[in-house]
Amino acid sequence: MARIRTIKPEAFASESLAQVTVTAERTFFGLLTQADDHGRFRDQAAVIAGLLWSLRPEHGPLGVEDDLAQLAGADLICRYEGEDGKRYLHIVTFSRHQKINRPSGVRHPACPHHDGAPRHAPSQVPQGTLREPAVSPHGALLDGSWEIREPAAKREAPGQTGFHEPSVTVHGGLTEDSVRAHGPDLGPRIMDLGSVPTGAAGGPAPDTVSAKKLIGEYVAACAHRPPEKFLGHLGREVNQLLAEGIAPSHVRAGLERLRTKGLSPSVLPSLVNEAMNAVPVPQEPHRPWTNPTDVEAAYGGEL
């Protein structure tokens with residue numbers, strides 16, 4: 001479900017967005033409205049194209065896939081695989097620019113490269129109103145601006161003595177379903193609150209050499225800047241190799257071979273494998289030239 005998000009005026013002067021095409025920038029702004037309250041969404045180019053480009057049929061799934069590759073190369077989004085084997089993406093600067101008053105629960109797996117343990121943002125309550133405690137054994141107090149948006153039977157809200165919902169009335173005591181350890185409405189989720197988040201703080205730190213830097217080195221070594229679609233394809237290949245744990249030095253060697261030979265980005269994995277595993281051909285030791293002792297046998301007759 002699309003959501004109302006904020007776009008700051010500084011976004012149009014962003015150096016990171018200036019590195020991508022206009023269509024990639026439009027896709028990025030559209031992802032802000034589709035991502036959940038933690039900046040995550042399914043990494044499905046066809047679905048994103050249907051949500052953001054339905055009235056622009058000329059920009060289909062292939063164009064959106066190229067947009068996502070450019071955004072990943074500019075470190076604006078992070079593409080990763082969840083524990084369920086599905087592909088997801090995470091808007092890297094989402095929490096810095098979007099302030100969510102009542103964030104929903106975890107809907108997509110956490111990004112293993114940018115998310116540590118899940119943190120619950122405190123609710124912003126105006127002065128003079130009652131604040132909701134995180135855990136209330138005697139019923140939580142709700143402020144006067146509570147609005148019922150769903151049937152009471154489906155809502156996971158804290159209980160309140162004397163508070164009357166449309167279909168459930170609580171008198172003094174609390175039912176089992178009304179006691180929650182978290183004030184905000186968590187909504188449907190794919191991970192329970194006790195699950196260990198993906199990408200804990202104790203995991204290994206990601207490689208400091210990014211695909212963006214390697215592509216920048218490649219472009220700097222070229223006589224002329226390659227086409228954007230070529231760089232987008234090349235960025236996807238580099239991202240995939242780094243995600244597999246290939247050393248940046250090997251990827252850099254493969255990029256150098258690709259540049260000097262002028263080949264397609266699709267052959268980059270083969271060139272990286274060549275740089276990693278090629279066995280040098282042994283050369284025979286050099287033997288200096290000497291005149292033959294038997295000229296007749298060596299030259300077959302007169303010279």
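Each residue takes its place number in the sequence, starting with 1.
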Any donor-acceptor pair under 3.5 Å from Thr33 side chain to Gly30 backbone = yes
So how far is it from His233 NE2 to Glu228 CD, rounded to the nearest 0.5 Å?
-> 15.0 Å
Roughly how far, to the nearest 0.5 Å, is CD of Gln70 from CD of Glu25?
-> 11.0 Å
In Å and rounded to the nearest 0.5 Å, what is the CD1 to CD distance from Ile246 to Gln240?
-> 10.0 Å
Between His59 and Asp67, does any side-chain donor sit less than 3.5 Å from a side-chain acceptor?
-> yes
Cys111 and Cys78: which non-hydrogen atoms are nearest, and at how many Å?
-> SG-SG, 3.6 Å
Cation-aromatic face contact Arg42/Tyr88, 6.0 Å, 45 degrees | yes
Would a hydrophobic clustering, with Ile, Leu, Val, Met, Phe, Trp and Tyr connected at side-chain separations under 4.5 Å, put Val219 with Val209?
-> yes
Indicate if Leu71 and Ile7 have the same hydrophobic cluster label, given that clusters are the connected sets of ILVMFWY residues with side-chain heavy-atom separations under 4.5 angstrom.
-> yes
Assess whether side-chain contact (heavy atoms from CB on, under 4.5 Å) is satisfied between Leu255 and Arg259, documenting all intermediate values.
-> CA-CA 6 Å; Leu255 286 170; Arg259 184 184 64 81; over 6 Å; no
I would like to know whether Glu65 and Arg79 meet salt bridge (Lys or Arg N to Asp or Glu O under 4.0 Å); could you show each step before the answer?
-> CA-CA 12 Å; Glu65 176 61 32; Arg79 310 175 80 176; 3.2 Å; yes
Just wondering, do Leu52 and Val64 contact through their side chains at under 4.5 Å, heavy atoms?
-> no
Between Met276 and Leu258, is there a shared hydrophobic cluster once you connect ILVMFWY residues whose side-chain heavy atoms come closer than 4.5 Å?
-> yes
So, do Phe41 and Phe94 have ring centers that fall under 6.0 Å from each other?
-> no
Quick check: does any side chain N or O of Asn273 sit under 3.5 Å from a backbone N or O of Pro269, one acting as donor and the other as acceptor?
-> no
Given side-chain contact (heavy atoms from CB on, under 4.5 Å), test Ile215 with Leu234 step by step and report yes or no.
-> CA-CA 8 Å; Ile215 295 299; Leu234 188 61; 3.7 Å; yes
Pair Ile48-Gln34, side-chain contact (heavy atoms from CB on, under 4.5 Å): steps then yes or no | CA-CA 9 Å; Ile48 296 173; Gln34 301 298 325; over 6 Å; no
Spacing of CG belonging to Asp75 relative to OG belonging to Ser16, to within rounding of 0.5 Å = 7.5 Å
Does the side chain of Thr27 pick up a donor-acceptor pair with the side chain of Trp53 at under 3.5 Å?
-> yes
In sequence, state the C-alpha distance, the side-chain angles, and the governing distance for Lys86 and Glu81, and then conclude on salt bridge (Lys or Arg N to Asp or Glu O under 4.0 Å).
-> CA-CA 6 Å; Lys86 298 178 181 179; Glu81 182 175 327; over 6 Å; no
Side chains of Arg26 and Val22: does their closest heavy-atom pair fall under 4.5 Å?
-> no
Of all the heavy-atom pairs spanning Ala211 and Val238, show the shortest one and how long it is.
-> CB-CG1, 3.7 Å
Could you tell me whether the side chain of Tyr218 and the main chain of Leu231 form a donor-acceptor pair under 3.5 Å?
-> no
Run the side-chain contact (heavy atoms from CB on, under 4.5 Å) check on Ile91 and Phe28 step by step: do they pass?
-> CA-CA 9 Å; Ile91 302 174; Phe28 176 77; 3.8 Å; yes
Working to the nearest 0.5 Å, report the span between CG of Leu89 and NE2 of His108.
-> 9.0 Å
For Gln19 and Glu15, does a side-chain donor sit closer than 3.5 Å to a side-chain acceptor?
-> no
Exam field: side chain Arg40 to backbone His90, donor-acceptor pair closer than 3.5 Å = no
To the nearest 0.5 Å, what is the distance between CZ (Arg257) and CZ (Arg252)?
-> 13.5 Å
Salt-bridge test for Asp37 and Arg5: reply yes if a basic N is under 4.0 Å from a carboxylate O, no otherwise.
-> yes
